[in-house]
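Below is one structure, written out as structure tokens, with a few remarks after it.
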Amino acid sequence: MQLDLNLLTALDALLEEGSVVGAAARLHVTPPAMSRSLGRIRKATGDQILVRTGRSMVPTTRALAMRAQVHALVQQAHQLLCAQQELDLAALDRVFTVRWHDALTAACGTALIAAVHRRAPGVRLRLSAEPGTDDAELRRGEVDLESSAGTPALPDIRHRLVGRDRLVVAVRSGHPLTEGPLSLERYAAAEHLTVSRRGNLRDPIDDALTTHGLERRVAAAGPTAAFALQLALETDLVVTLPDAVTRTAREQLGLATLPLPVPLPDVPLYLLWHRRYDDDRAHTWLRDLATDTIRALFTPPTDAQPPLSEEAGR
């Protein structure tokens with residue numbers, strides 16, 4: 001059975017106006033066209049819907065029973081098909097899942113939650129640990145916003161570059177590498193710690209050292225930046241990490257920061273989301289707020305400690 005949903009609009013107008021002429025005027029059609037619609041409605045429902053009493057028409061018992069439901073259905077259809085209304089943050093009630101790597105969450109997760117709660121108190125954020133690249137979760141709608149150091153391979157995953165971070169070297173205060181300039185040879189000769197959820201003992205730094213005929217010894221691999229920084233504080237292990245997203249954590253631990261002597265490009269930072277949210281105003285608001293929050297990390301520091309020179313960082 002094929003249903004003409006336009007009949008719902010006609011039925012709603014007929015029940016509201018109580019006449020063919022009134023319904024026709026309301027929907028900007030001719031009375032004969034509305035009369036034909038009424039005939040089709042009668043055939044579809046098996047009910048007269050409106051019956052003549054003297055000079056007027058009155059709804060049948062069934063028509064009275066369905067009037068509220070018909071009106072609600074028509075209103076819902078209009079809401080589904082019309083342009084989105086202005087976003088009311090104060091009334092927004094929604095749960096967003098944000099999956100960022102641990103260093104980014106530690107650096108600005110608190111600021112993001114505070115900003116969201118201040119502007120949209122009905123919104124709840126789930127900050128999820130990053131288990132690795134899993135575009136399927138973005139596609140299934142299980143993750144709303146994700147961080148990544150690379151662009152997605154799938155065309156239905158959108159991305160936005162929110163910053164570029166340079167790599168720096170973190171060691172404990174008083175570490176031998178803090179005495180004098182840090183050369184490639186001194187850096188390679190130290191014992192190192194990598195940050196890898198999969199426990200990899202090698203990363204692009206090793207490839208860069210190889211081109212200079214050098215090789216470093218990686219003594220351990222840690223799963224998170226927080227773990228790596230704590231281990232660097234308690235040992236002579238050297239950890240190389242992105243600068244902006246770990247700056248606060250390094251300062252809180254009192255670690256020394258040195259320029260990386262290996263020439264490596266900056267690390268890009270992207271936000272990823274599924275294209276289903278392109279026109280979702282609430283999601284657009286969240287990703288714009290997240291973008292502003294993250295980009296604040298890349299504002300040059302204004303404290304007493306001078307920033308590393310750009311040439312040294314490269």
Is [X] reaching over with its side chain to a backbone N or O of [Y], donor-acceptor style, under 3.5 angstrom?
X    : Y    : answer
H283 : L145 : no
N200 : R202 : no
S173 : L255 : no

* Structure fact -> Taken in chain and number order and not counting sequence neighbours, the residues that satisfy ring-ring contact (aromatic ring centres under 6.0 Å, His included) with H175 are none
* **Partner set under ring-ring contact (aromatic ring centres under 6.0 Å, His included) for H117, not counting sequence neighbours** => none
* Tell me, please, which residues at least two apart from T291 pass side chain to side chain donor-acceptor pair (under 3.5 Å). => R160
Validation row: [X], [Y] side chains within 4.5 angstrom (heavy atoms):
X    : Y    : result
V116 : L112 : yes
V143 : H274 : no
T284 : Y277 : no

* Charged N to carboxylate O under 4.0 angstrom, R217 versus D206? -> no
* **Sequence-distant partners of L184, side-chain contact (heavy atoms from CB on, under 4.5 Å), two or more places apart** => L209, H212, L214, P261, V262
Scan the side chains in residues 20-35 for donor-acceptor partners under 3.5 Å anywhere in the protein, sequence neighbours excluded, and list what turns up.
residue : atom : partner : partner atom : Å
T30     : OG1  : A33     : N            : 3.3

* **Side-chain donor-acceptor contact under 3.5 Å, T60 with D47** => yes
* Asked: What closest approach, in Å, do R250 and P242 show between heavy atoms, and which atom pair accounts for it?
  -> NH1-O, 4.0 Å
Considering only distance and modelled atom types, tabulate donor-acceptor pairs under 3.5 Å from the side chains of residues 222-237, sequence neighbours left out.
residue : atom : partner : partner atom : Å
T224    : OG1  : F227    : N            : 3.1
Q230    : NE2  : E234    : OE2          : 2.7
T235    : OG1  : L231    : O            : 2.7
T235    : OG1  : L237    : N            : 3.1
D236    : OD1  : R172    : NE           : 2.6
D236    : OD1  : R172    : NH2          : 2.8

